[in-house]
*Asks:* 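My structure is below; once you've seen it, I'll send some questions.
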Amino acid sequence: VSAGSTDVISFARGIPSPDLIDLEALARATERALRIDGAGASTYGHAAGYLPLRRWIAERHGVELERVMVTNGSMQACGLVLEELCGRGDLVAVERPSYDRALLALRGIGARLRGVAMEPDGLALDELEEDLVAGFVPSLLYTIPNFQNPTGRTLSSTKRRRLLELAADHGFPILEDDPYGELHFDGRRAPTMLSLQRGQSTVIHVSSFSKTVCPGLRVGYVIAAPELIGRLTERAANTYIAPGTFAQAVVHQFCLGGGLESSTARIRGALEIRAEVLARRLALEVPEGRFVVPRGGYFLWLELPQEIEVERLAVAAAERRLAVLCGADFMVDGLSNGLRLSYAGTPPERIAEGVRRLAHALSISRDGVVA
Ligand SMILES: Cc1ncc(COP(=O)(O)O)c(C=O)c1O
């Protein structure tokens with residue numbers, strides 16, 4: 001279903017709906033960016049990013065400036081890191097399921113992917129440890145610890161510590177992709193693994209302003225050891241010269257003016273309502289589906305009984321102008337009976353209608369009868 005066609009409801013894309021973007025605050029930040037540092041905002045910047053924003057990020061995470069690089073969105077940061085650290089034939093551990101675009105990037109590099117199951121409290125570390133002990137030590141482990149894409153699950157703090165120990169003992173880096181950590185519904189942000197590693201450089205932390213301010217800015221960042229940042233910066237310079245300075249200057253002014261806190265709070269509040277409505281309607285109208293009610297982030301992972309063909313279901317849903325993504329896209333082995341439902345892009349009153357369409361599509365794909 002094309003998202004542009006009329007009356008389409010999309011549970012497919014991980015984007016905030018337009019009403020969640022604080023355009024007024026962005027307009028003020030843009031004006032300030034141009035008035036205060038018009039020259040800096042309008043030129044080619046440094047390949048590592050706009051210095052005032054790098055400083056702001058470094059301070060926020062309590063790290064030195066040399067450890068921060070700003071990119072055109074966090075997917076670009078992930079791509080640069082993966083290209084720098086993984087080559088053809090290298091073993092890379094990923095969550096099963098994991099973010100589809102990261103899997104595509106890894107496949108493009110020719111990495112060998114090893115999926116580690118996701119439990120309700122995140123990565124199955126016993127399974128990972130068995131692999132490590134058997135000699136399967138990855139070049140890198142890619143994880144989304146908070147409100148994971150696609151399952152919505154969060155890695156427990158006990159597991160965060162154990163994962164760091166495993167990485168230190170077996171000598172592999174962790175790519176911590178964390179665009180959703182601030183979007184918690186329970187009032188507390190889980191500590192990043194970056195902040196939990198003591199004096200080590202095991203963790204490469206990636207995050208973004210896409211999910212808390214707006215995706216159109218295309219501003220993300222990576223925090224890593226200065227030596228790796230140097231290599232990534234060189235790769236960036238040779239690929240795109242420098243990330244978009246203008247957008248970074250706007251983000252900087254937006255953050256200085258307190259916009260990040262208010263925008264995050266607004267998006268968080270809306271997401272909590274949307275997640276609750278989606279979960280309530282699913283429980284009523286798709287009783288055969290199993291899911292954990294999300295406590296943050298953008299996604300609900302709906303598992304359906306084996307006898308339901310989810311690809312067929314997705315087609316039937318598209319015919320009813322509802323876009324959903326099949327779980328198979330998020331699997332290393334392409335096998336899943338799940339659907340990823342994003343509630344971020346749909347206002348609550350439309351979510352109920354979306355679930356109605358899904359239930360209708362399900363009744364058709366189940367017994368081939370048009371209800
Ligand atoms: C886990 C994860 N990483 C990275 C991204 C990309 O975000 P950005 O817009 O910052 O490139 C997304 C967006 O959906 C995501 O879910």
Side-chain angles (χ1 to χ4, degrees), residues 3 10-17 20-21 49 53 57 68-83 92-106 108 118 122-123 140-155 174-184 190 192-194 203-223 232 236 239-240 243-244 247-248 250-251 254-255 260 263-264 267 271 294 296-301 323-325 327 329-332 340-346:
S10 179
F11 291 158
R13 292 201 70 192
I15 49 173
S17 54
L20 300 185
I21 311 297
L53 182 61
I57 293 167
V68 179
M69 172 183 178
V70 185
T71 52
N72 299 301
S74 59
M75 188 58 227
Q76 185 173 68
C78 290
L80 289 170
V81 171
L82 297 177
E83 282 164 17
V92 175
V94 297
E95 290 155 338
R96 193 178 72 231
S98 182
Y99 178 36
D100 54 346
R101 284 192 198 279
L103 296 183
L104 285 173
L106 282 161
M118 281 294 277
L123 267 175
L140 179 127
L141 178 138
Y142 171 74
T143 177
I144 306 156
N146 296 306
F147 315 116
Q148 195 237 19
N149 182 359
T151 62
R153 292 177 187 172
T154 291
L155 190 65
I174 298 168
L175 176 51
E176 174 178 50
D177 186 7
D178 188 23
Y180 302 106
E182 296 291 342
L183 297 169
H184 47 78
T192 61
M193 277 188 289
L194 176 78
V203 176
I204 301 154
H205 179 89
V206 164
S207 189
S208 177
F209 295 94
S210 288
K211 313 295 178 176
T212 50
V213 182
C214 80
L217 286 161
R218 309 305 303 125
V219 180
Y221 58 91
V222 51
I223 302 177
L232 296 174
T239 314
Y240 52 81
Q248 295 171 71
V250 172
V251 168
F254 192 87
C255 292
L260 183 60
S263 170
T264 303
I267 293 180
L271 290 173
Y298 278 36
F299 307 108
L300 182 148
W301 180 249
V324 292
L325 289 188
D329 296 350
F330 302 87
M331 289 294 189
V332 169
R340 189 195 76 172
L341 304 180
S342 166
Y343 44 83
T346 310

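Numbering of ligands and ligand atoms starts at 1, following listing order. Just so it is clear, the values below take in all heavy atoms, side chains as well, and ignore hydrogens, waters and symmetry mates.
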*Asks:* Distance under 4.0 Å to a non-hydrogen atom of Met75: what atoms of ligand 1 satisfy this?
*Replies:*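 What qualifies from ligand 1 is 6 (C), 8 (P), 11 (O).
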
*Asks:* Tell me, please: is Pro215 in heavy-atom contact with ligand 1, that is, under 4.0 Å?
*Replies:*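 For ligand 1, residue contact (heavy atoms, under 4.0 Å) with Pro215 is absent.
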
*Asks:* What atoms of ligand 1 come closer than 4.0 angstrom to any heavy atom of Asn149?
*Replies:*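 That gives atoms 15 (C), 16 (O) of ligand 1.
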
*Asks:* Enumerate the atoms of ligand 1 whose separation from the nearest heavy atom of Ser208 is less than 4.0 angstrom.
*Replies:*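 The atoms of ligand 1 under 4.0 Å from a heavy atom of Ser208 are 8 (P), 10 (O).
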
*Asks:* If you have a sec, work out which protein heavy atom is nearest atom 7 (O) of ligand 1 and how many Å separate them, to one decimal?
*Replies:*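 Result: Ser74 OG, 3.2 Å.
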
*Asks:* Can you check whether Phe254 and Phe209 have ring centres sitting under 6.0 Å from each other?
*Replies:*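 Between Phe254 and Phe209, the centre distance exceeds or equals 6.0 Å.
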
*Asks:* Rounded to the nearest 0.5 Å, what separates atom OG1 in Thr143 from atom CE in Met118?
*Replies:*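 Rounded to the nearest 0.5 Å, the OG1-CE separation comes out at 6.5 Å.
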
*Asks:* Looking only at protein heavy atoms, which one is nearest to atom 16 (O) of ligand 1, and how far off is it?
*Replies:*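 For this ligand atom, the closest protein heavy atom is Tyr180 OH, 2.6 Å.
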
*Asks:* Side chains of Leu80 and Met69: closer than 4.5 Å at any heavy-atom pair?
*Replies:*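 Yes, their side chains come closer than 4.5 Å.
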
*Asks:* Considering non-hydrogen atoms of the protein only, which is the closest contact for atom 5 (C) of ligand 1, and what is the distance?
*Replies:*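 Among all protein heavy atoms, the one nearest atom 5 (C) of ligand 1 is Tyr99 OH, 3.5 Å.
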
*Asks:* Show me which atoms of ligand 1 lie under 4.0 Å from any heavy atom of Ser210.
*Replies:*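 Once the distances to Ser210 are compared, the set is 8 (P), 9 (O), 10 (O).
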
*Asks:* So, taking the atom named OG in Ser342 and the one named CZ in Phe11, what distance separates them when rounded to the nearest 0.5 Å?
*Replies:*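 If we round to the nearest 0.5 Å, Ser342:OG and Phe11:CZ are 9.0 Å apart.
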
*Asks:* Within a distance under 4.0 Å of any heavy atom of Gly73, pick out the atoms of ligand 1 and give their elements.
*Replies:*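 Answer for ligand 1: 10 (O), 11 (O).
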
*Asks:* What part of Ala102, side chain from CB on, backbone N/CA/C/O, both or neither, has a heavy atom under 4.0 Å from ligand 1?
*Replies:*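 Neither; nothing of Ala102 gets under 4.0 Å from ligand 1.
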
*Asks:* For the pair Asn149 (side chain) and Phe299 (backbone), establish whether a donor and an acceptor sit closer than 3.5 Å, ignoring hydrogens and angles.
*Replies:*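 Looks like no, no N/O pair under 3.5 Å.
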
*Asks:* Which ligand 1 atoms does Ile144 reach within 4.0 Å, using its non-hydrogen atoms?
*Replies:*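 Every atom of ligand 1 under 4.0 Å from some heavy atom of Ile144: 1 (C).
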
*Asks:* With a 4.0 Å heavy-atom cut-off (strictly under), which part of Arg218 contacts ligand 1: side chain, backbone, both or neither?
*Replies:*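 Looking at Arg218 and ligand 1, just side chain atoms fall under 4.0 Å.
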
*Asks:* Would you give the length of the straight line joining atom CG of Asp178 to atom NE2 of His205, rounded to the nearest 0.5 angstrom?
*Replies:*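 These two atoms lie 5.0 Å from each other.
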
*Asks:* Specify the protein heavy atom at minimum distance from atom 14 (O) of ligand 1: its residue, its atom name, and the distance to 0.1 Å.
*Replies:*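 Answer, as residue, atom name and distance: Lys211 NZ, 2.7 Å.
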
*Asks:* Can you tell me how far CE of Met75 sits from CG of Leu82, rounded to the nearest 0.5 angstrom?
*Replies:*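 Going from CG on Leu82 over to CE on Met75, the span is 6.5 Å.
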
*Asks:* To the nearest 0.5 Å, how far apart are OG in Ser263 and CD1 in Ile21?
*Replies:*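 It comes to 7.0 Å.
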
*Asks:* So, taking the atom named CG in Asn146 and the one named CD in Glu176, what distance separates them when rounded to the nearest 0.5 Å?
*Replies:*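 The CD atom of Glu176 is 7.5 Å from CG of Asn146, to the nearest 0.5 Å.
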
*Asks:* From atom 1 (C) of ligand 1, work out which of Val219, Asp177, Asn72, Ile15 has a heavy atom at the shortest distance.
*Replies:*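 Considering heavy atoms of Val219, Asp177, Asn72, Ile15, the nearest to atom 1 (C) of ligand 1 sits in Asp177.
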
